[in-house]
Amino acid sequence: MYSEKVMDHFRNPRNVGELSQADGIGEVGNARCGDIMKLWIKVENGVISDLRFKTFGCGAAIATSSMITEIAKGKTLDEAENITDNLIAEALDGLPPLKMHCSNLAADALKAAIADYRLKQSSAS
Amino acid sequence: MYSEKVMDHFRNPRNVGELSQADGIGEVGNARCGDIMKLWIKVENGVISDLRFKTFGCGAAIATSSMITEIAKGKTLDEAENITDNLIAEALDGLPPLKMHCSNLAADALKAAIADYRLKQSSAS
Amino acid sequence: MTQIYMDHAATTPLRPEVLETMLPYFSEEFGNASSVYGWGRRARQALDRSRDTVAEILGAQAEEIVFTGSGSEAINLALKGAAKAQQKKGRHIVTTAIEHHAAYDSVFWLKKNGYEVTVLPVDSEGRINPEAVRSALRPDTILVSVMHANNEVGTIQPISAIGALVQEHGALFHTDAVQTAGILKLNVDELNVDLLSLAAHKFYGPKGVGALYVRKGVRLEPLVHGGFQERGRRAGTENIAGIVGLASALDLAAAERELESRRLARLRDRLFAGLQEIPFTRINGSRVHRLPNNVSVCFEFIEGESLLLNLDLRGIAASSGSACTSGSLEPSHVLLALGLSHEIAHGSLRLTLGRETTESDVDYVLGEIPEIVHRLREMSPLYQA
Amino acid sequence: MTQIYMDHAATTPLRPEVLETMLPYFSEEFGNASSVYGWGRRARQALDRSRDTVAEILGAQAEEIVFTGSGSEAINLALKGAAKAQQKKGRHIVTTAIEHHAAYDSVFWLKKNGYEVTVLPVDSEGRINPEAVRSALRPDTILVSVMHANNEVGTIQPISAIGALVQEHGALFHTDAVQTAGILKLNVDELNVDLLSLAAHKFYGPKGVGALYVRKGVRLEPLVHGGFQERGRRAGTENIAGIVGLASALDLAAAERELESRRLARLRDRLFAGLQEIPFTRINGSRVHRLPNNVSVCFEFIEGESLLLNLDLRGIAASSGSACTSGSLEPSHVLLALGLSHEIAHGSLRLTLGRETTESDVDYVLGEIPEIVHRLREMSPLYQA
Ligand SMILES: Cc1ncc(COP(=O)(O)O)c(C=O)c1O
Ligand SMILES: Cc1ncc(COP(=O)(O)O)c(C=O)c1O
């Protein structure tokens with residue numbers, strides 16, 4: 001069902017956990033639907049320097065969470081905002097059709113974290 | 001499907017043919033329904049002394065035709081008229097439910113032959 | 001004793017090499033294809049592979065194949081399923097007088113449930129004229145069903161021509177290919193069909209499994225509701241061993257089809273030639289548009305079941321459209337539709353050849369039949385020698 | 001690697017001794033049971049023998065058994081078939097909120113087609129109160145369907161008591177015994193049922209074959225129309241090998257049932273005891289009225305599919321009522337009907353034991369699960385350690 005890549009990220013998810021001094025936090029999904037992703041980001045000079053996640057969800061949800069932390073690291077905020085669900089799915093060598101919404105979730109969580117960061121910046125300035 | 005007895009009578013039907021000088025002839029069934037039995041009887045002193053049959057029909061039709069010639073031989077006309085379909089079926093160690101009508105056919109053919117004989121007798125006297 | 005099986009239209013033995021492909025899926029790879037773990041994933045892979053195989057042979061896409069529990073179920077699903085899903089568009093159905101009961105009775109169930117049905121007659125060889133189909137089409141015609149080849153008399157229909165005009169009209173076209181799968185080439189685009197049914201046990205696959213081709217975009221109401229198997233078109237845990245068997249049997253048949261067809265046609269013609277020497281014998285069906293393995297004749301003045309029993313006593317397995325083999329009073333509706341009288345239809349004999357049939361089998365049969373026919377005629381009140 | 005199968009409610013491996021009984025009917029005794037010659041008669045004998053076996057185990061008559069292509073088909077035939085045949089008497093049907101989709105969706109298809117449906121709730125253990133059934137009965141109630149034991153949470157229903165009052169009322173009573181056949185004693189008179197469905201692959205028989213008990217005198221409209229097989233209640237060439245397999249598997253299961261049930265119940269209780277030591281773990285279903293082989297729990301804060309994948313990585317095959325295993329968003333309707341929140345229902349785990357399950361399997365599983373649950377919780381935004 002899942003690609004080797006998905007199973008690799010599922011088995012050894014990268015960047016699990018929380019960032020105690022995060023610059024932005026995004027949370028999407030809801031427990032009713034069976035998946036929640038929470039993402040912490042650290043931003044330095046407009047570049048995402050670090051990320052952590054916690055996910056309640058299926059194998060695809062965990063793998064896409066892990067994958068997005070790898071893809072986004074080192075990207076500028078603008079670049080990171082343009083990471084699409086398809087890009088994440090491709091990076092994982094594809095997802096089963098019924099699981100495509102999981103890659104959506106990851107992209108949305110990242111956007112939410114960046115929005116949170118921007119909101120905090122604008123209220124601080 | 002068929003008992004050994006049925007198959008024996010089917011394989012070696014007794015008394016097949018015609019009686020050139022029959023005292024009575026009975027014919028029942030019709031080709032439309034797939035079975036016709038024709039029966040020739042010879043009567044001596046109120047007793048059926050000989051019979052022959054020709055049958056167009058299934059295995060059960062042929063076997064019951066053969067069997068009734070054996071049962072009826074040597075019987076008085078009254079006895080012969082009382083041969084029931086059940087008796088024929090029993091003598092053959094039973095018939096499949098869907099084939100019970102075939103034993104009916106044989107009993108009817110005998111009755112028809114006896115009626116024919118009686119008719120001829122009464123018109124002769 | 002000699003044992004010759006000449007009833008391949010009724011069913012065929014499972015090919016040992018097909019059984020080999022099935023065996024792993026009984027006790028080892030027994031998983032439920034809906035499960036996420038290894039056993040389930042391997043079952044799913046076998047299912048997907050089988051679907052790909054069947055799709056490729058039919059010239060279809062994998063998602064257009066629905067596996068069922070029999071040919072009859074495939075036909076019922078096609079006809080009732082498509083009619084129900086199309087009922088807003090219309091309620092008129094066209095079919096023929098020589099369909100198999102699975103199709104015929106499905107259509108008549110629909111008739112009882114508010115559909116209108118036109119039953120097209122066939123000519124004396126059992127052929128449908130495409131023009132007759134065209135004239136039967138109405139604005140509210142939603143579905144046409146014509147069998148690919150008839151199981152009793154072997155007549156092959158001009159499916160491609162009929163399909164073209166049905167599709168042009170905008171109705172759905174189903175063909176019952178139960179008798180042709182594994183014997184004729186089946187390409188759903190060349191045949192212009194939207195729905196096509198087949199059954200594994202007719203081409204040396206296992207009993208208890210069939211398949212339905214459903215053209216992309218054609219909606220069906222399921223017959224068996226429940227789980228989401230077969231994309232919601234047929235619920236129930238998939239019979240993986242059976243499906244693997246269906247696919248591998250079809251694959252083998254497709255590979256051997258051309259050579260085997262020619263071989264069978266030669267044997268068929270030899271049989272016909274021999275049988276025609278028996279007086280008062282009629283050939284049923286078309287000599288030209290005919291399955292390569294089907295021989296069907298009527299012997300006048302005798303009845304089919306007693307003929308079959310005599311053949312069986314000499315080790316020959318065959319079939320008849322006789323009423324008495326089915327326990328009813330009416331002989332085969334197919335023979336009657338060809339215009340035969342009841343009387344003659346009762347005396348029909350069908351010999352259908354297969355992979356194991358040899359020339360010496362044919363000759364053995366030709367040696368036995370005349371004597372049996374003669375004996376039964378001698379016994380028949382209809383026959384005057 | 002260790003490979004432990006704990007999903008016997010999903011499907012079971014075919015018993016090799018059952019396969020042995022089937023093998024002759026693939027390539028040698030392959031006849032069509034409707035044929036008059038030797039191959040056909042021997043197929044018919046095998047069919048009759050199998051029917052007798054099943055009937056005897058159920059305390060029924062041979063002619064009351066209809067073989068089908070799956071459990072789902074048996075259920076669809078029972079519900080749609082009986083409802084259609086009874087529609088002149090009324091159009092009200094009663095069922096429960098925890099039926100398998102095959103029953104649930106059949107009933108909802110009937111609802112779409114003009115029937116009225118009452119769906120009874122269950123208590124927090126998944127039990128139906130017979131009194132609730134009684135209150136739901138109306139003069140126009142024609143059919144009641146309550147599953148014998150639930151496939152997800154293992155709760156056994158008071159079928160005999162419900163059946164008594166349904167039959168007294170004059171309605172028909174169907175039970176889905178797919179999960180209990182081969183595990184609990186099934187006697188149709190003791191259970192007071194008119195219709196009872198089962199599937200061979202749940203008791204170490206083959207996939208692709210099921211059976212329906214139909215009490216004498218109960219009329220059914222067929223689901224699959226066509227030939228006169230199964231006394232006109234299910235058309236299609238009979239799957240002799242499959243039917244022989246169903247009968248021999250049921251026969252073996254019936255003989256071993258009592259001993260095996262006790263053994264399984266002990267293993268089940270050992271599993272429960274171990275799992276209960278994991279914090280935030282709930283047991284689903286009844287502890288008393290429970291299948292001997294069913295363990296169902298919910299682990300809070302985690303999601304079922306990721307749990308299953310982790311178990312699979314450690315060689316354990318199990319299942320979950322998680323939405324994500326079925327690709328939908330809604331978790332199991334059964335767990336929701338028991339009153340669990342969506343959030344908790346997503347974290348369910350079902351372990352179902354079988355013939356091959358040993359105590360050391362149970363201990364292995366108990367050794368792995370706590371660690372996996374802990375790891376997933378550490379990763380869960382819902383969990384605060
Ligand atoms: C209770 C219950 N009913 C019906 C079914 C359907 O059986 P099948 O999938 O074999 O058709 C199942 C199993 O999937 C079941 O557990
Ligand atoms: C033309 C045709 N259609 C349908 C069927 C039904 O197939 P099955 O009996 O395998 O369901 C048959 C064979 O019996 C057939 O010959």
Side-chain angles (χ1 to χ4, degrees), chain C residues 3 5 7 10-16 19 26-28 30-32 34-40 68-73 75-76 100-103 105-106 109 199 201 206-209 223-228 235-242 305 308-309 311-312 316-319 325-326, chain D residues 3 5 7 10-16 19 26-28 30-32 34-40 68-73 75-76 100-103 105-106 109 199 201 206-209 223-228 235-242 305 308-309 311-312 316-319 325-326:
Chain C
Q3 289 289 341
Y5 185 73
D7 202 13
T11 193
T12 58
L14 184 68
R15 286 176 77 151
L19 179 57
F26 287 121
S27 303
E28 291 142 54
F30 64 90
N32 187 318
S34 304
S35 304
V36 299
Y37 44 75
W39 277 286
T68 67
S70 68
S72 296
E73 188 193 331
I75 294 168
N76 275 253
H100 186 272
H101 281 291
D105 293 0
S106 291
W109 179 85
H201 74 100
K207 294 180 178 54
V209 57
L223 199 63
V224 180
H225 285 88
F228 197 73
T237 302
E238 297 91 341
N239 173 7
I240 304 293
E305 195 212 60
L308 296 190
L309 289 175
L311 287 168
D312 183 43
I316 301 165
S319 112
T325 61
S326 61
Chain D
Q3 289 290 342
Y5 185 73
D7 201 14
T11 193
T12 58
L14 184 68
R15 286 176 76 151
L19 179 58
F26 287 121
S27 304
E28 290 143 54
F30 64 89
N32 188 317
S34 304
S35 306
V36 299
Y37 44 75
W39 277 284
T68 68
S70 67
S72 295
E73 188 193 330
I75 294 168
N76 275 253
H100 186 272
H101 281 290
D105 293 0
S106 290
W109 179 86
H201 75 100
K207 295 180 177 55
V209 57
L223 198 62
V224 179
H225 286 87
F228 198 71
T237 303
E238 299 91 341
N239 174 8
I240 304 293
E305 195 213 60
L308 296 191
L309 289 174
L311 287 167
D312 183 43
I316 301 165
S319 111
T325 61
S326 60

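By convention in this document, chain letters (A, B, ...) are assigned in the order of the sequence lines, proteins followed by strands, and residues within each chain are numbered from 1.
- With a threshold of 4.5 angstrom between heavy atoms, C:Thr68 does not approach chain D through any atom at all.
- Rounding to the nearest 0.5 angstrom, the gap separating the CG atom in D:Leu19 from the OG atom in C:Ser27 is 5.5 Å.
- Ranked by heavy-atom pairs shorter than 4.5 Å toward chain D, the options C:Thr237, C:Val209, C:Ile75, C:Leu14 are led by C:Leu14.
- Taken from CG in D:Asn32 to NE2 in C:His201, the straight-line distance is 6.5 Å, to the nearest 0.5 Å.
- The closest donor-acceptor contact from the side chain of C:Lys207 to the backbone of D:Gly242 lies at 3.5 Å or more, if one exists at all.
- Interface remark: of the candidates C:Gly69, C:Ala103, C:Ala317, C:Ala317 forms the most heavy-atom pairs closer than 4.5 Å to chain D.
- Minimum heavy-atom separation, C:Ser35 to D:Ala10: OG-CB, 4.4 Å.
- Within the 4.5 angstrom heavy-atom criterion, no atom of C:Phe228 approaches chain D.
- Ranked by heavy-atom pairs under 4.5 Å with chain C, the list D:Gly71, D:Ser70, D:Pro16, D:Gly31 is led by D:Gly31.
- The CH2 atom of D:Trp39 lies 12.5 Å from the OG1 atom of C:Thr11; values are rounded to the nearest 0.5 Å.
- When all heavy atoms of C:Leu223 and D:Val224 are compared, the pair lying nearest together is CD2-CG2, 4.2 Å.
- The parts of C:Asn239 that come within reach of chain D are both its backbone and its side chain, each placing non-hydrogen atoms under 4.5 angstrom from that chain.
- Counting heavy-atom pairs under 4.5 Å between each of C:Leu309, C:Asp105, C:Ile240, C:Asn76 and chain D puts C:Asn76 at the top.
- In this pair, C:His225 and D:Trp109 present their aromatic rings tilted. The plane angle is within the 30 to 60° band.
- Looking at C:Glu238, the atoms closer than 4.5 Å to chain D (heavy atoms on both sides) all sit in the backbone: N, CA, C or O.
- Evaluated for a side chain to side chain contact (heavy atoms under 4.5 Å, CB included) with C:Val36, the options D:Leu311, D:Leu308, D:Asp312 yield exactly one hit, D:Leu308.
- For chain D, the nearby part of C:Ala318 is the backbone; its heavy atoms alone come within less than 4.5 Å.
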